[in-house]
2 protein chains.
Amino acid sequence: MTLFLSKTLNKIDNKSRVSVPSTFRSALKNQSFNGIIAFPSYSDRCIDSCGINRMELIAQNLDETENYSKAEFDLISLCFGEAEKLPFDKEGRIILPKNLIEHSGIKDEALFVGLGPTFQIWEPKTFDQNKILTLKKAKEKNLKPRLKPIPKGV
Amino acid sequence: MTLFLSKTLNKIDNKSRVSVPSTFRSALKNQSFNGIIAFPSYSDRCIDSCGINRMELIAQNLDETENYSKAEFDLISLCFGEAEKLPFDKEGRIILPKNLIEHSGIKDEALFVGLGPTFQIWEPKTFDQNKILTLKKAKEKNLKPRLKPIPKGV
DNA sequence: TAAAATTCCATGTAATACCATATAAATATT
DNA sequence: AATATTTATATGGTATTACATGGAATTTTA
């Protein structure tokens with residue numbers, strides 16, 4: 001299974017190129033497209049990313065499931081339009097499209113954050129602010145990190 | 001698997017020619033017909049498109065399985081009747097037929113929007129309006145885009 | 001033979017492939 | 001254990017190619 005872990009901070013040059021951390025690259029090694037899929041996060045000021053295999057799974061599911069309302073279907077469909085296929089160059093870099101740079105507020109550095117089956121790309125400052133906010137909310141609600149029981153069949 | 005992602009805005013010349021985005025073209029590279037299948041969307045003011053392979057698959061399913069309701073069967077039949085085979089010229093362009101231009105309200109620009117296994121072609125303004133509407137409806141119904149593959153057995 | 005459709009060719013721009021170097025990590029050597 | 005050597009990774013810049021697009025030439029068909 002593809003697993004993205006840990007954080008990496010890389011620079012962006014004036015052509016909007018960033019090196020994808022080599023650990024992430026090697027996690028994607030066996031997929032049918034040599035690069036990443038990236039789209040604006042629905043809930044945060046960052047870029048959501050994954051490999052093509054996950055995207056194919058989502059597409060297939062959407063195609064085969066009959067229980068979506070038109071409103072649901074249209075909403076999910078919008079995501080495919082926002083998603084960008086970003087191939088690696090020979091050096092393992094991608095080019096960040098304008099719209100994703102704008103959405104994330106990224107300037108000259110990009111923070112890659114592993115989330116397991118997916119990862120995110122953040123403007124470092126925004127990530128820090130968000131982290132503080134998350135911890136604050138957790139404290140207010142007295143939340144503690146825990147594992148939920150794993151559903152059967154997964 | 002054929003996946004259409006992201007959006008591209010291309011111009012239409014006075015002969016109704018449009019360049020199909022090269023990413024879409026390469027997604028269709030290995031199909032038996034070098035071009036796209038296009039038909040008026042039954043629910044939106046846009047053009048629905050895909051590769052010939054998907055049409056063949058649907059036709060085959062229609063023939064072999066009992067999984068379609070009468071209503072579904074009739075809808076698919078309608079689509080087949082209105083579907084146009086639009087071949088690429090040497091430069092990767094297609095010619096948009098009059099009826100599709102009229103149905104979509106396209107004038108001098110065409111917005112190609114990836115939907116995963118299919119894609120759509122929109123008049124840019126119409127797409128923007130429709131997007132706003134989709135997001136509004138989603139908000140009303142408290143929907144959030146499900147970008148997770150649904151685990152089997154759940 | 002005129003009109004329409006298709007194929008062919010030309011060009012500016014933007015994307016990407018290529019090469020060179022710097023930095024960091026890993027391994028080997030003393 | 002400290003240092004040297006090698007390897008892998010990240011980064012910067014240049015050259016080349018591909019793409020979208022406009023128009024001309026050729027073929028088709030009405």
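So you know, we letter chains A, B, ... as the sequences are listed, proteins then strands, and number each from 1. Source: prediction; values computed, not measured.
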Quick check on [N]: is either OP1 or OP2 less than 4.0 Å from any side-chain nitrogen or oxygen of [X]?
{"X": "A:Arg25", "N": "D:dA10", "result": "yes"}
{"X": "A:Asn14", "N": "D:dG12", "result": "no"}
{"X": "B:Ser19", "N": "D:dT21", "result": "no"}

State which of [options] makes the closest approach to the side chain of [X].
{"X": "B:Arg17", "options": "D:dG23, C:dA17, C:dC19", "answer": "D:dG23"}
{"X": "B:Asn10", "options": "C:dT6, D:dA20, D:dG12", "answer": "D:dA20"}
{"X": "B:Ser22", "options": "D:dG13, D:dG22, D:dA20", "answer": "D:dA20"}

Would you mind reading off the distance between [X] atom [atom1] and [N] atom [atom2], rounded to a whole angstrom?
{"X": "B:Lys90", "N": "D:dG22", "atom1": "NZ", "atom2": "P", "value": "18 Å"}
{"X": "A:Ile95", "N": "D:dT11", "atom1": "CD1", "atom2": "P", "value": "15 Å"}
{"X": "A:Arg93", "N": "C:dT16", "atom1": "CZ", "atom2": "P", "value": "13 Å"}
{"X": "A:Phe88", "N": "C:dA17", "atom1": "CZ", "atom2": "P", "value": "13 Å"}
{"X": "A:Phe24", "N": "D:dA10", "atom1": "CZ", "atom2": "P", "value": "11 Å"}
{"X": "A:Leu96", "N": "C:dT16", "atom1": "CG", "atom2": "C1'", "value": "15 Å"}
{"X": "B:Asp89", "N": "D:dA20", "atom1": "CG", "atom2": "P", "value": "11 Å"}
{"X": "B:Glu91", "N": "C:dC8", "atom1": "CD", "atom2": "P", "value": "9 Å"}

Contacts of B:Pro21 and B:Lys15 projected onto DNA chain D by closest heavy atom; the upstream (5') one is B:Pro21
Hey, which of these two, A:Lys11 or B:Lys11, hits DNA chain D nearer its 5' end, going by closest nucleotide?
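Closest to the 5' end, via its nearest nucleotide, is A:Lys11.
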Answer yes or no: is there a donor N or O on one side and an acceptor on the other, between the side chain of A:Gln31 and the main chain of A:Asn53, under 3.5 Å?
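Flag set: sc A:Gln31 to bb A:Asn53 pair under 3.5 Å.
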Is a side-chain N or O of B:Asn10 found less than 3.5 angstrom from the main chain of B:Ser19, in a donor-acceptor match?
yes
Determine whether A:Ile37 and A:Glu56 make a side-chain contact, defined as any pair of heavy atoms from C-beta on separated by less than 4.5 Å.
no
Going hydrophobic residue to hydrophobic residue with side-chain gaps under 4.5 angstrom, can you get from B:Ile52 over to B:Ile76?
yes
Side chains of A:Ser77 and B:Gln120: is there a donor and an acceptor less than 3.5 Å apart?
no
Identify whether any heavy atom of [X] sits under 4.0 Å from a base atom; if not, whether one sits that close to sugar-phosphate; answer base, sugar-phosphate or nothing.
{"X": "A:Asp13", "answer": "sugar-phosphate"}
{"X": "A:Val20", "answer": "sugar-phosphate"}
{"X": "A:Pro87", "answer": "nothing"}

